[in-house]
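Here's the structure we're looking at; comments come further down.
A, B, ... follow the sequence lines: proteins, then strands. Residue 1 opens every chain.
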Protein chains: 2
Amino acid sequence: MTMKDAPTLEDVARVARVSTATISRSINMPNKVAKATHERIQKAIEALGYTPHFGGRALASNRTNTIGAVIPSMSNAMFANGIQAFQEELSDAGVTMLVASTGYSTEAEYTQIRSLMAHGADGLLLIGTDRPKKTTDFLALRGVPYVISWCYKDDPAQLFVGFDNQKAAFEIATCVLGYGHRNIAMIAGISKDNDRAKNRIAGVKNAIKVYGHGARLLRIVESPYMLAESANAFDEIMEGPEVPSVIICGNDVLAAGAITRARERGISVPQQISITGFDDIGLASVVDPALTTVRVPQIEMGKAAARILLSKLSNDNTVSSLEFKTEVVLRSSLARVPL
Amino acid sequence: MTMKDAPTLEDVARVARVSTATISRSINMPNKVAKATHERIQKAIEALGYTPHFGGRALASNRTNTIGAVIPSMSNAMFANGIQAFQEELSDAGVTMLVASTGYSTEAEYTQIRSLMAHGADGLLLIGTDRPKKTTDFLALRGVPYVISWCYKDDPAQLFVGFDNQKAAFEIATCVLGYGHRNIAMIAGISKDNDRAKNRIAGVKNAIKVYGHGARLLRIVESPYMLAESANAFDEIMEGPEVPSVIICGNDVLAAGAITRARERGISVPQQISITGFDDIGLASVVDPALTTVRVPQIEMGKAAARILLSKLSNDNTVSSLEFKTEVVLRSSLARVPL
DNA sequence: ATAAATTATGCAAGCGTTTACATTTATACC
DNA sequence: GGTATAAATGTAAACGCTTGCATAATTTAT
């Protein structure tokens, strides 16, 4: 690497004819330094092209102004949007974001959390609650401040910035039932190690149970969050012994995959079968028919997570969890059950 | 902040009954340490939940094992996919990724580059070539290693890992012409400060010029990469004095926005008007009709960018630019011109 | 068994900041 | 003009790690 060696505080000190301490103060608490001195120092800094050395600073102050985000995958637009907002908000506060992804594996998450910690993250953004004891123990052991997003729980012991997946799923399922559907199938995300997927399933099950009237959940197929996989799940459902009148999907990608396959097979949505999504990413309004889905305030959630984490980092003890509301967005992929 | 103070090398040393030097070696060059000692150390590290202190490490070694990525926005699936792959590859090498976004502003890019540098990035991933002298001067001054992605130029002075946007645009435009279209419009990305957008426009213009036969580019509307904006651009084109038989779009999001609006207006694609995209993100195969577009190898590009940047960082002087091929993917949104 | 070579470990000096604490300089007040 | 007080600056000790060099332990060769 050809990185030129940067000038140090000492170099600046020599030029400005003051001690390194004064320069440090001039940079970090300018009002503690005489105006004339401050200007002299600025000039020297400018002349030398000095920038504080990150390591030295981190070592001495034990702060990196860096926050880590550990998310399943950026390829999921949901997370990409949220993380984008999260980063923008951090950036406004002069904080930089480290990103690591887990590919939905809790083992990878553990590794990534450690890695981000090792890289000096002052705090962390985590997604969801399903993680092994090993991980939570480590977090507790190290006392890292963190916020958990994309879900919400009424647990004052942890900081949540998210929404209630189960409630949201309950709502859209109720809505589906309201359209007269009785034979229901679900394409869910992989529920292992994924509380959001689990809760979405639970919400649907619960709505069906509460509703009664002979509504039945014929089948749940779990699928990775990918178009192609979901298309296969759709096939599996359609080839089953009983064909549902609606498929509730665990997210928009799954729903889009299902709709696409339906189109390929000449099955018309929603005339022959209704399909619903979850998340309301861009995809949802672009597929034909446009998806009836659950709007999740991705941007707001990302921004709020950043703000709350930042407050926590600045020792604001008043910070508390934040629950976002979701709402069902009616578009055309859900219709009354065909007679 | 309630960060407990983390265990240090010294703590581990005490527990493992070796010197700090040995531990450092055990971590960084395990083969230089006796197997038994290594295991004893591992055990101690585990027990204490030790992670190396970033600052100390950076200070002593003048390396942060951190790479910065400065991209326009993660909300664009193209970048999200690429960055995801980039990060995975870095992660495999034990390097962590810092991310900052510019919102397509070169001024913001300059700020973010400085910020990432200040945060100790060993190297940078940048997108595209359009940036002011101020920025390139700064990069040169500091001698940061960086690679430029999402575009390709035959310039040995810089390291490119990308594809030729102009050539790719030329190809899809040629393809469009091959389908008999003569009255062409384009919804392009905002070309200011964006060489990719510029080159895609240039490619299309060039194909039309070369082709001759009276083909005309009736109109170019530039639009931000958002569904709603693109839909408006579509309206603008359709309300113009001359209606084209095809709209070539600067990327898939723009194309999807146009298709959606066409559907809303009852204009059938491709019977009444053809529409093409660019990038081949998930969206492209989900819209109806599925988009004829240009496949850009996002994942491979991201991975390659990471590998090449890593080699560069490890002083491998043999690294050189890498050009990826793109290909037109024929789906149903492009048809022969209606008679 | 002994010397030589090899491998494993320890010692201690940095790396560039920040920050108590000490000291100097300026300001206010009588 | 001389104190008391406040403001500005300096001194030097961390902070946690890496690494060149020295030393100790082990293996190999004789």
Side-chain angles (χ1 to χ4, degrees), chain A residues 1 3-42 44-45 48-66 114-115 117-122 142, chain B residues 1 3-42 44-45 48-66 94 117-120 122 142:
Chain A
M1 196 166 51
M3 208 97 133
K4 306 175 180 159
D5 30 53
T8 74
L9 261 197
E10 201 137 0
D11 297 324
V12 181
R14 202 164 12 250
V15 173
R17 305 162 81 52
V18 287
S19 73
T20 61
T22 302
I23 300 174
S24 175
R25 278 187 289 256
S26 165
I27 293 173
N28 301 308
M29 329 129 84
N31 55 326
K32 288 273 167 203
V33 163
K35 196 141 192 202
T37 320
H38 182 69
E39 274 161 16
R40 190 148 37 92
I41 291 173
Q42 282 307 318
I45 288 179
L48 292 169
Y50 167 82
T51 21
H53 184 282
F54 186 61
R57 185 169 247 186
L59 186 53
S61 67
N62 207 32
R63 268 293 222 132
T64 60
N65 276 325
T66 283
R114 288 190 71 106
S115 164
M117 295 288 308
H119 275 82
D122 291 331
R142 294 295 299 273
Chain B
M1 192 167 54
M3 202 100 132
K4 307 186 177 145
D5 21 61
T8 72
L9 261 198
E10 202 139 359
D11 297 324
V12 181
R14 203 163 12 249
V15 173
R17 305 167 83 51
V18 288
S19 73
T20 60
T22 302
I23 300 174
S24 173
R25 279 186 288 256
S26 165
I27 292 173
N28 301 309
M29 327 129 86
N31 55 326
K32 288 273 165 204
V33 163
K35 196 145 190 194
T37 318
H38 182 70
E39 274 160 16
R40 190 147 38 91
I41 291 173
Q42 282 307 317
I45 287 178
L48 292 169
Y50 167 82
T51 23
H53 185 283
F54 181 67
R57 188 171 243 186
L59 188 52
S61 67
N62 207 32
R63 268 292 223 129
T64 60
N65 277 324
T66 283
M117 294 289 308
H119 276 81
D122 290 331
R142 294 295 298 273

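- Taking CD of E10(A) as the reference point, atom OG of S19(A) lies at 10.5 Å (rounded to 0.5 Å).
- If you take CG of L9(B) and P of dT18(D), they are 6 Å apart, rounded to a whole angstrom.
- When the C1' atom of dT18(C) is taken as reference, atom CG of N65(A) falls 14 Å away, rounded to whole Å.
- For A44(B), the side chain to side chain contact (heavy atoms under 4.5 Å, CB included) criterion is met by V12(B), V15(B), A16(B), not counting sequence neighbours.
- For DNA chain D, the residues of residues 54-61 of chain A within the heavy-atom distance limit of 4.0 Å (strictly under) are L59(A), A60(A), sorted by number.
- Residue M117(A) contributes atom CE, which lies 14 Å from atom P of dG16(D) at whole-angstrom precision.
- Here the NZ atom belonging to K35(B) is positioned 12.0 Å from the OG1 atom belonging to T37(B), to the nearest 0.5 angstrom.
- Y50(B) OH to Q42(B) CD: the interatomic distance, rounded to the nearest 0.5 Å, is 11.0 Å.
- Protein atom CD of E10(B) is 14 Å distant from nucleotide atom C1' of dT18(D), rounded to whole Å.
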After noting the C-alpha distance and the side-chain angles of H119(A) and T66(B), does the key distance pass the side-chain contact (heavy atoms from CB on, under 4.5 Å) rule?
CA-CA 8 Å; H119(A) 275 82; T66(B) 283; 3.1 Å; yes
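- dT9(C) atom C1' lies 15 Å from atom NE2 of H38(B), rounded to whole Å.
- dG16(C) atom P lies 16 Å from atom CD1 of I45(A), rounded to whole Å.
- Rounding to the nearest 0.5 angstrom, the gap separating the CZ atom in R63(B) from the CG atom in D122(B) is 4.5 Å.
- For the pair R63(A) CZ and dG16(C) C1', the computed distance is 19 Å after rounding to whole Å.
- Whole-Å rounding puts the N31(B) CG to dT9(C) C1' distance at 15 Å.
- Within a heavy-atom distance below 4.0 Å of DNA chain C, the residues of residues 15-28 of chain A found are A21(A), S24(A), R25(A), N28(A).
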Could you walk me through whether I27(A) and R57(A) pass the side-chain contact (heavy atoms from CB on, under 4.5 Å) check?
CA-CA 12 Å; I27(A) 293 173; R57(A) 185 169 247 186; 3.7 Å; yes
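- Atom OG1 in T20(B) sits 8.5 Å away from atom CZ in R25(B) (nearest 0.5 Å).
- Distance alone, capped at 3.5 Å, places no donor-acceptor pair between the T51(B) side chain and the M117(A) backbone.
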